[in-house]
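See structure below.
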Amino acid sequence: MINNILILGMGISGKAIYKELKKRDIDVFVYDDNKDNLKEYEEIFKSLDENKIELIVKSPGIKPTNDILVEAKEKNIEIITDLELFYMLSNKNIVAITGTNGKTTTTSLIESILGLEYKAKAVGNIGVGVMDVVDEELDYVVIESSSFQLNDVKTFKPHISVITNITPDHLDWHGNFENYRDAKLNILKNQDESDYAVLNYTDEILNKVNSKAKIYYFSIKDHGLKGTFVKDGSIYFRDDKETKVFDLKDLKLLGDHNLENVLAAVCVSEIANVKTESIQKALSEFAGVEHRLEFVKEVRGVKYFNDSKGTNPASTIKAVGSFDGNLILIAGGYQKNADYTELLQIAKDKLKALILLGETKHDIERTANKLEIESTLVQDLEEAVSLAKDIAVEGDNVLLSPACASWDMYSSYEERGTHFKKLVMNLNEEI
C-alpha cells in the first residue's frame, strides 16, 4: 500500500477517507481547497516538489484544472477519488450505477430488492460515502457513481455495472460532451467476462457499446435481446428463457423514465438470482425517492410535485413528460452552460405558465422567447411558489423541476427540494 497520501478536499468523502487511512497507520497530508490559508497551500506544493506525496485522493467535485492537480500531473503523481480507493481497500461484490438521469432511483430500488435476500447497502452519490462501508460485512455494495468519480478510474471494477442513459451534463466541469461521455463509460473499463453490464438499449450511445462483460439490455420495447422489457402490461426478463416478473398495474412510480429505472433494477436483480417473489414485493412497495417527481400536497385541487433532482434539461424533459398538460413549471438555477431548447419545445404545449429563477433565468427566458413561450422571472423560490399558487386553478399541476443544479442558491438539490416542500406545506387551503 502507498504510504504518503494527500487528501484533497475535506467534505463528507474527505473526512471518511481520512478516518479510514489513519486506521491503517498511513501517513496522510490533508488540504481543503482554500487558498486563504496560504501557508498550508504553499506547504502542499513544497511536498509535491520534494516528492513526499505518492498519491492524491481528491474530492470528486474538484475540477481537473485545480492548481494542485495540474502540478501533480506534471510530476506523474497518481490522482484518484474515493471510488478507486474503496476498490483498492475492500473486497466486496459491487453493483455500480451511473447515468445522466435515473441513478438515484435505480440505486435505491436495487438496494431495496437485493436487501430482501442479501446484506446490501446503497452508497456513493446517494448520500452515504463509499468509504463508510469499507469494513462493513455486506453481500453487495450498491454504488451510485458520478461522472466526477468515474473520470479518474484506474482499477475500479464492479461485478455488475449499470448505465441508465448518457445525455449532455456537467459540461462546465468536463469541458465537452465527449469527455463527459467517456467518464461515464469508464464504469465498464476494467470489467471482464466474469462481469455484467446492464445498459439502456434505447440510448444511441449505449446500444453501440462494446464490453468484455456480459451485456444485458433494458428497454420498454422488446428487441429480442437478453435483459428486461415490457410486454402485455408486464415486465419480462430474458436470458436462456423468458420469464414474467411483474404486472405494471401494481407499480407506484410515475412516468416512462421511472419504468426504465425499474427495468434496470429488475435486470440486476435477476442477474443476482433474486427470487421473483422478492422482486415483486419490493416493486409493489417502492414509491420512489425524495426530490424525484415526489408528490408533495394537493391544495384546492392543485397538485404540487417536487423534482428538485431534475438538475439538467434531460431530467426535466422526463419529468414534464409525465404530465399531460395544465402544467406550471418552476425552473432555473446554477449555470452549467446547458441548452434548454429541446426541453421548452417538448414542454410548450403542456405549459400553463413558466416561472424562472436563479442564475439561468435569463438564458431560459431568451430561449422561451424564441419559441414564443411566455415566462415570468422571480427572485427566489418563495416568490415562485406564491406566484404559482395565484395562477393555479383546480386540475393544474405545479412542478419544481429546475433543469439546473442548485449551487447558485442552495448547497444541494436536497436543500432546494426541502425548502420547496416546506413552502408548499405552508400554503393556505382557503381561497
Side-chain angles (χ1 to χ4, degrees), residues 101-102 105 220 248-249 251-261 287-333 340-358 360-361 364-365 367-378 380-404 413 416-417 419-431:
N101 299 300
T105 299
I220 292 176
L248 291 182
K249 62 181 175 57
L251 189 65
K252 293 180 180 178
L253 293 178
L254 185 69
D256 283 349
H257 63 291
N258 272 326
L259 180 52
E260 288 186 338
N261 299 334
V289 298
E290 190 177 17
H291 309 300
R292 193 71 183 98
L293 259 184
E294 175 191 11
F295 173 70
V296 181
K297 186 181 180 182
E298 184 171 333
V299 182
R300 303 200 316 267
V302 178
K303 294 179 179 178
Y304 291 78
F305 293 86
N306 167 32
D307 192 55
S308 183
K309 202 173 189 307
T311 58
N312 54 65
S315 181
T316 297
I317 286 171
K318 293 177 183 295
V320 167
S322 301
F323 298 89
D324 294 328
N326 293 13
L327 186 62
I328 298 171
L329 176 63
I330 301 172
Y340 305 98
T341 305
E342 183 182 3
L343 164 60
L344 293 178
Q345 286 173 334
I346 290 171
K348 183 175 181 178
D349 293 335
K350 300 184 179 188
L351 288 176
K352 177 175 181 177
L354 176 62
I355 301 172
L356 303 174
L357 71 164
T360 58
K361 62 185 177 183
I364 302 175
E365 180 190 36
T367 303
N369 288 341
K370 291 177 184 177
L371 297 172
E372 299 182 341
I373 299 172
E374 291 186 11
S375 59
T376 304
L377 307 187
V378 297
D380 52 33
L381 196 52
E382 188 168 2
E383 186 181 352
V385 171
S386 177
L387 177 60
K389 181 193 174 188
D390 292 341
I391 295 172
V393 297
E394 184 175 351
D396 287 348
N397 300 292
V398 177
L399 172 66
L400 169 69
S401 189
C404 304
Y413 73 81
R416 177 173 61 189
H419 186 206
F420 175 74
K421 290 197 291 182
K422 182 179 179 180
L423 293 170
V424 171
M425 294 306 293
N426 288 336
L427 288 178
N428 195 331
E429 294 280 356
E430 297 177 2
I431 297 175

TODO: In sequence, state the C-alpha distance, the side-chain angles, and the governing distance for L400 and V296, and then conclude on side-chain contact (heavy atoms from CB on, under 4.5 Å).
DONE: CA-CA 11 Å; L400 169 69; V296 181; over 6 Å; no
Greater than 12 external heavy atoms within 6.0 Å of [X]'s [atom1]:
{"X": "E383", "atom1": "CD", "value": "yes"}
{"X": "K348", "atom1": "NZ", "value": "yes"}
{"X": "E290", "atom1": "CD", "value": "yes"}
{"X": "D324", "atom1": "CG", "value": "no"}
{"X": "K350", "atom1": "NZ", "value": "yes"}

Distance from [X] atom [atom1] to [Y] atom [atom2], nearest 0.5 Å?
{"X": "I328", "Y": "K303", "atom1": "CD1", "atom2": "NZ", "value": "14.5 Å"}
{"X": "L427", "Y": "K422", "atom1": "CG", "atom2": "NZ", "value": "13.0 Å"}
{"X": "I355", "Y": "L387", "atom1": "CD1", "atom2": "CG", "value": "4.0 Å"}
{"X": "L329", "Y": "L327", "atom1": "CG", "atom2": "CG", "value": "5.5 Å"}
{"X": "L344", "Y": "I364", "atom1": "CG", "atom2": "CD1", "value": "7.0 Å"}
{"X": "L357", "Y": "R416", "atom1": "CG", "atom2": "CZ", "value": "8.0 Å"}

4.5 Å side-chain heavy-atom contact, [X] and [Y]:
{"X": "L251", "Y": "N258", "answer": "no"}
{"X": "I330", "Y": "L381", "answer": "yes"}
{"X": "S315", "Y": "R292", "answer": "yes"}
{"X": "L293", "Y": "H257", "answer": "yes"}

Kindly give the heavy-atom pair with the smallest separation between [X] and [Y], and that separation in Å.
{"X": "G325", "Y": "N397", "result": "O-ND2, 3.7 Å"}
{"X": "G310", "Y": "T316", "result": "O-OG1, 3.8 Å"}
{"X": "V398", "Y": "A388", "result": "CG1-CB, 3.9 Å"}
{"X": "L354", "Y": "A368", "result": "CD2-CB, 4.1 Å"}
{"X": "D307", "Y": "A319", "result": "OD2-CB, 3.4 Å"}

Open item on the list: Pair S308, K421 - check side-chain contact (heavy atoms from CB on, under 4.5 Å), show working.
Closed with: CA-CA 10 Å; S308 183; K421 290 197 291 182; over 6 Å; no
Task: Residues in side chain to side chain donor-acceptor pair (under 3.5 Å) contact with D396, at least two apart in sequence or another chain - done: K352
- [ ] Decide side-chain contact (heavy atoms from CB on, under 4.5 Å) for H291 and E294; before the verdict, give the C-alpha distance in whole Å, the side-chain angles of both, and the deciding distance to 0.1 Å.
- [x] CA-CA 6 Å; H291 309 300; E294 175 191 11; 4.3 Å; yes
Open item on the list: Determine whether a donor-acceptor pair (N or O, by modelled atom type, separation under 3.5 Å) exists between the side chain of T360 and the backbone of G333.
Closed with: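 Side chain of T360 to backbone of G333: a pair is present.
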Open item on the list: For a side-chain contact (heavy atoms from CB on, under 4.5 Å) check, start with the C-alpha distance between N101 and N261, then their side-chain angles and the critical distance, and finish with the verdict.
Closed with: CA-CA 9 Å; N101 299 300; N261 299 334; over 6 Å; no
- [ ] Could you list the residues that satisfy ring-ring contact (aromatic ring centres under 6.0 Å, His included) with F305, not counting sequence neighbours?
- [x]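 F305: ring-ring contact (aromatic ring centres under 6.0 Å, His included) contacts with F295, F323.
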- [ ] Is it possible for you to check whether K297 lies under 6.0 Å from the centre of the six-membered ring of Y304, through NZ or CZ, and within 45° of that ring's axis?
- [x]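 The answer is no; the distance or angle limit is not met.
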